[in-house]
2 protein chains.
Amino acid sequence: MKPKITIKIIAKELGVSTSTVSKALRDSHEISIETKERIKAYADYYNYRPNNLALQLRNQKTKVIGIILPKIVHHFFSTVISGIEKVANERGYNIMVCFSNEQQQKEIETINVLTNGSVDGLIVSIAKESLRNKELNHFYNLIENEVPLVLFDRVHNSIECDSVIVDDIGAGYKATKHLINIGCKNIGIITTPEHVTVGLDRLQGYERAIKETGIKIDKNLIINVDEDEDIYSQIHKLFDEKIDAVFAVNEIYAATAIRIAKEKGMKIPEELSVVGFTDGLISKYSSPSITTVVQHGFTMGEQAADLLIDRIENDKKERTPQTKVISSNLKIRESSKS
Amino acid sequence: MKPKITIKIIAKELGVSTSTVSKALRDSHEISIETKERIKAYADYYNYRPNNLALQLRNQKTKVIGIILPKIVHHFFSTVISGIEKVANERGYNIMVCFSNEQQQKEIETINVLTNGSVDGLIVSIAKESLRNKELNHFYNLIENEVPLVLFDRVHNSIECDSVIVDDIGAGYKATKHLINIGCKNIGIITTPEHVTVGLDRLQGYERAIKETGIKIDKNLIINVDEDEDIYSQIHKLFDEKIDAVFAVNEIYAATAIRIAKEKGMKIPEELSVVGFTDGLISKYSSPSITTVVQHGFTMGEQAADLLIDRIENDKKERTPQTKVISSNLKIRESSKS
DNA sequence: TATCAACACGAAAACGTTTTCGTAGCATTT
DNA sequence: AAATGCTACGAAAACGTTTTCGTGTTGATA
């Protein structure tokens with residue numbers, strides 16, 4: 001990399017002080033018109049641009065927000081990034097993206113690196129391992145040190161910070177209600193293990209909707225998928241039961257259920273209705289296309305970024321932590337009869 | 001954000017100089033054992049971590065690599081990021097991700113911001129608009145200023161830098177050849193407009209494979225999809241022709257073709273074989289699952305990161321620009337009979 | 001006793017900015 | 001003629017590090 005031109009160099013070349021150059025470039029009234037012209041012309045000619053690092057050190061702010069995600073190859077997370085980036089950009093910030101790969105250790109290290117001056121604040125979705133272990137000290141430390149922090153989607157209420165979440169209970173309720181409304185009686189649910197709160201919440205919504213109909217919850221219709229094992233065979237078990245509908249808490253489970261149903265010769269949606277979660281490409285382009293709870297990842301990203309930047313820029317007045325609940329809605333497609 | 005503890009503070013509190021503290025923490029032999037112990041204990045207790053910005057300014061390097069992509073909500077690009085991040089991380093770098101949104105102006109601005117000290121080098125996939133306008137001065141400037149740069153996927157040979165590309169011609173050939181081998185005679189191709197080089201290359205591979213069989217290219221079997229128009233109806237026209245196979249240059253075109261075939265009552269793969277491109281979730285989870293050219297985005301990311309970091313760290317010895325061609329391979333699934 | 005080396009530490013510069021304060025020179029007012 | 005004000009600029013500190021060079025003290029050696 002070629003050395004870039006600096007204020008110092010300009011100052012030396014033009015026989016003035018760095019203060020004069022700095023002021024001239026910022027169009028200070030303290031500097032005479034002629035001197036300003038001379039300096040600006042020189043700076044322009046050599047395409048001077050102030051060095052970010054120096055500014056950041058001087059101003060004690062980086063105008064960068066750090067994002068830590070469990071993974072990125074995932075429609076929802078990349079959508080959220082997109083939303084964050086949009087707002088960040090509009091408000092003059094850049095983003096630095098890191099991944100925990102669902103591992104607690106990497107989450108801790110990443111937080112450490114980023115908070116040593118590289119960023120002004122963090123937006124995080126917590127790694128599964130941290131949630132499972134309930135080892136959240138690294139987050140408590142952030143709060144302790146008053147690092148601006150926004151959690152989204154995977155949150156924990158023991159961490160006192162702004163957060164953006166989906167109304168997962170409501171979403172589970174809506175999805176199940178839709179199935180009930182179109183006449184389904186035996187609705188299976190494919191969800192996550194219990195320590196993943198989003199899965200748990202969606203299950204709660206499901207149970208509420210079922211109970212409202214007066215039917216008792218049938219434990220056999222609830223599948224908790226362990227992602228370390230084979231997904232296909234776990235979901236397959238659900239088809240041993242008599243079911244006419246499936247609510248899956250993500251796209252992949254929904255697609256897998258559809259595959260199994262087809263293999264069993266069940267017609268969709270005539271014999272089996274399916275509702276998924278996350279409006280990704282699978283739901284849209286598979287055939288039949290899948291009715292799905294749309295999660296508004298982009299909006300979540302936008303809101304998270306706004307919360308964070310507000311927090312960063314209003315360091316003075318302590319605002320109590322705020323939680324934004326993004327309500328989701330159902331996009332009805334071919335996989336659930338209407 | 002609480003003020004963090006600095007070397008200065010430690011020095012003042014312990015009544016020594018900053019040099020002593022710095023040396024002690026780096027375990028210099030110049031400092032007596034007792035003093036070192038004392039300083040380390042203090043630093044440890046207050047959880048001292050050196051400030052990144054200061055280090056970056058001092059060392060004149062950031063250990064950050066900038067990534068500029070046309071968009072992120074796209075399986076291929078997020079996979080590439082993942083690969084870059086892996087290598088970057090292993091080699092002690094962080095990544096700063098920005099998007100051009102396919103717009104030349106934003107590409108230029110982003111490059112400007114990032115190269116003013118924020119990053120040690122750039123990995124870029126060029127925005128469509130820049131390619132279409134052939135306005136690449138911002139890249140020539142980077143080369144001029146010897147900014148370490150690696151282009152991937154969307155490249156241009158007038159820019160003299162390292163690059164990582166897919167062997168699109170070979171991939172198109174392989175895909176078509178596979179269809180020929182399983183007995184297909186009338187193979188349609190759904191590709192992009194001609195200014196998108198990847199689509200053009202894949203078409204070339206297709207044509208080569210067809211010509212090898214002695215069959216003449218039938219222009220009616222070539223669909224150039226204009227993304228500004230309705231994709232479905234454009235692809236639908238292909239089905240007016242007599243076809244027994246389709247090669248689509250991306251997942252979405254492939255899924256759309258399958259949908260149309262199903263609507264027309266064609267059995268897959270018995271009456272129509274389909275091959276897609278990009279091994280994303282759609283191909284894997286739709287039913288039938290789609291035979292596809294896997295693009296190895298992760299590998300591309302890894303290679304790009306390695307090239308860039310090599311370039312950054314060997315600033316001395318000028319290496320001539322290198323191009324890595326990542327060969328793709330076919331993953332055969334249900335949509336093409338075997 | 002004078003010389004020298006080793007030890008243990010500090011001062012200062014450097015990275016590139018911005019900003020506060022000081023001041024020399026000149027013009028205006030009383 | 002003295003006091004005041006303005007213009008136009010420079011010096012220096014600050015942000016947090018690292019590193020080079022210098023130096024005072026001690027102990028050993030000649």
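Owing to the predicted nature of the structure, the values given are computational and were not obtained by experimental measurement. Proteins get letters first, then strands, A, B, ... in listed order; numbering begins at 1 in each.
A donor and an acceptor atom, one from each side chain of N52(B) and S118(A), are located under 3.5 Å apart. T62(A) and Q56(A) share no donor-acceptor pair across their side chains, judged by distance under 3.5 Å alone.
Using a 4.0 Å heavy-atom criterion, one finds that T6(B) contacts the sugar-phosphate atoms exclusively. S32(A) comes within 4.0 angstrom of the backbone, heavy atoms only, and of no base.
In this structure, E144(B) CD and E160(B) CD are separated by 11.0 Å, a value rounded to the nearest 0.5 Å. Distance check, rounded to the nearest 0.5 Å: CD1 of I5(A) to CD1 of I10(A) gives 4.5 Å. From N112(A), atom CG reaches atom CD of E107(A) across 11.5 Å, with rounding to the nearest 0.5 Å. For the atom pair NZ (K128(B)) and CD (E102(B)), the distance works out to 5.0 Å, reported to the nearest 0.5 Å. Distance check: M96(B) CE to I67(B) CD1 gives 11.0 Å after rounding to the nearest 0.5 Å.
Atom CD of E90(B) has more than 12 heavy atoms from other residues, nucleotides or ligands within 6.0 Å. Atom NZ of K40(B) sits in a crowded spot, with more than 12 heavy atoms from other residues, nucleotides or ligands closer than 6.0 Å. Annotation for K4(A): atom NZ counts as buried by contact number, over 12 foreign heavy atoms lying within 6.0 Å.
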Criterion salt bridge (Lys or Arg N to Asp or Glu O under 4.0 Å) on R91(B) and D306(B), from CA distance to verdict:
CA-CA 9 Å; R91(B) 299 184 67 170; D306(B) 267 324; 2.7 Å; yes
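Comparing E34(B) and K8(A) by the nucleotide of DNA chain C whose heavy atom lies nearest to each, the residue mapping closer to the 5' end is E34(B). Of the residues near DNA chain C, I33(B) and T18(A), the one whose nearest nucleotide (by heavy atom distance) lies more toward the 5' end is I33(B).
Between E30(B) atom CD and dT23(D) atom P there is a gap of 15 Å when expressed in whole angstrom units.
Scanning residues 44-60 of chain B for heavy-atom distances under 4.0 Å to DNA chain C yields L57(B), R58(B), Q60(B). Within residues 21-29 of chain A, the residues approaching DNA chain C are S22(A), K23(A), R26(A), by heavy-atom distance under 4.0 Å.
Mapping heavy-atom proximity under 4.0 Å, the span of DNA chain C touched by chain B runs 5' to 3' from dA8(C) to dG16(C).
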